[in-house]
Amino acid sequence: WTDADTSISFKTPNDMASGYWLLYVMANSIPSTGVVVNCVWNQTPNAPSQLGTRRSDDDSPISSTTWTSNLTPKATFYLSDPDAADTVKYQIQCSTAANFGDTVINYTSALISQGATFYTMTGLTSGTSYYWRVKCIDNFPAESGWSTANSGDIAVKIDTEPPTGQ
């Protein structure tokens, strides 16, 4: 290689440390002379934690066992990565089905700093129950597994109709 900006990606054993390594490349069964490269290993981000659902108007928690009239609830969560310098983004899905076969929201954010964040859900319908899940993606882009709100049970039930008397 003559281009100093050339980068390659490859799988490594878990016990290899970041640092300078002597790399040999095979081209047409002919080994290259060794090249010293600075290798940085990326770790998979952590699955989002501290999931919650809150009202967008007053930031109060929404119970998954009661109906809310708030049509734009906030999904709250914490994003982290073992690589402290990494920036992260999130992908969030909201669905009327527990298996997320029918997503009404599928959004990926821009890269942000690690920490607590939220997403305001829009386009939700009264008289409907929703599930939501989120995953963390770092700037390399390695992905965590999904974290599902309320342990996979209904996360938020929306009803804007006032109750009628008997």
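Within the hydrophobic cluster formed by Ile, Leu, Val, Met, Phe, Trp and Tyr side chains joined at under 4.5 Å, directly or through other members, Y78 stands alone, with no partner residue. Under a 4.5 Å side-chain heavy-atom criterion applied to ILVMFWY residues, the cluster that includes W146 comprises that residue alone. Here I154 sits in one hydrophobic cluster together with F100, Y131; the rule is ILVMFWY side chains under 4.5 Å apart, joined directly or through other members.
Rounding to the nearest 0.5 Å gives a distance of 11.0 Å between CG of D86 and OG of S80. In this structure, N106 CG and Q91 CD are separated by 5.0 Å, a value rounded to the nearest 0.5 Å. Rounding to the nearest 0.5 angstrom, the gap separating the CD1 atom in I62 from the CG atom in N150 is 12.0 Å. We find the CD1-CD1 distance between I92 and I105 to be 7.0 Å, quoted to the nearest 0.5 Å.
In this view, K135 and E143 satisfy the salt bridge (charged side-chain N to carboxylate O under 4.0 Å, His left out) rule, not counting sequence neighbours. The side-chain hydrogen bond (donor to acceptor under 3.5 Å, both in side chains) test applied to S56 returns N70, T72, not counting sequence neighbours. Listed by chain and number, the residues in a side-chain contact (heavy atoms from CB on, under 4.5 Å) with P82 are Q43, N46 (sequence neighbours excluded). S147 pairs by the side-chain hydrogen bond (donor to acceptor under 3.5 Å, both in side chains) definition with nothing, not counting sequence neighbours. Applying the salt bridge (charged side-chain N to carboxylate O under 4.0 Å, His left out) test to D153 and every residue at least two apart in sequence or in another chain returns nothing. In this view, T65 and S63 satisfy the side-chain hydrogen bond (donor to acceptor under 3.5 Å, both in side chains) rule, not counting sequence neighbours. With sequence neighbours left out, S60 forms a side-chain contact (heavy atoms from CB on, under 4.5 Å) with R55, D58. Checked against ring pair (Phe, Tyr, Trp, His ring centres under 6.0 Å), Y90 has the following partners two or more places apart in sequence or in another chain: F77.
The hydrophobic clustering, which links ILVMFWY residues whose side-chain heavy atoms are closer than 4.5 Å, places V156 and Y107 together. Linking ILVMFWY residues whenever their side-chain heavy atoms come closer than 4.5 Å, directly or via other members, leaves F140 and I112 in distinct clusters.
Identified under the salt bridge (Lys or Arg N to Asp or Glu O under 4.0 Å) test for residues 63-82, with sequence neighbours left out: D59-K74.
Between V104 and Y130 the shortest heavy-atom distance is CG2-CE2, 3.9 Å. Shown here for L124 and C94, the closest heavy-atom pair between the two residues is CD2-SG, 4.1 Å. Closest approach of T117 and L79 over heavy atoms only: CG2-CD1, 3.9 Å. The minimum heavy-atom distance linking E161 with S126 is given by the pair N-OG, 4.2 Å. In this structure, S95 and A97 approach most closely via the heavy-atom pair OG-N, 2.9 Å. In this structure, A149 and A155 approach most closely via the heavy-atom pair CB-CB, 3.9 Å.
A donor atom on one side chain and an acceptor atom on the other are found under 3.5 Å apart for T53 and W132.
No donor-acceptor pair under 3.5 Å is formed between the side chain of D102 and the backbone N or O of T96.
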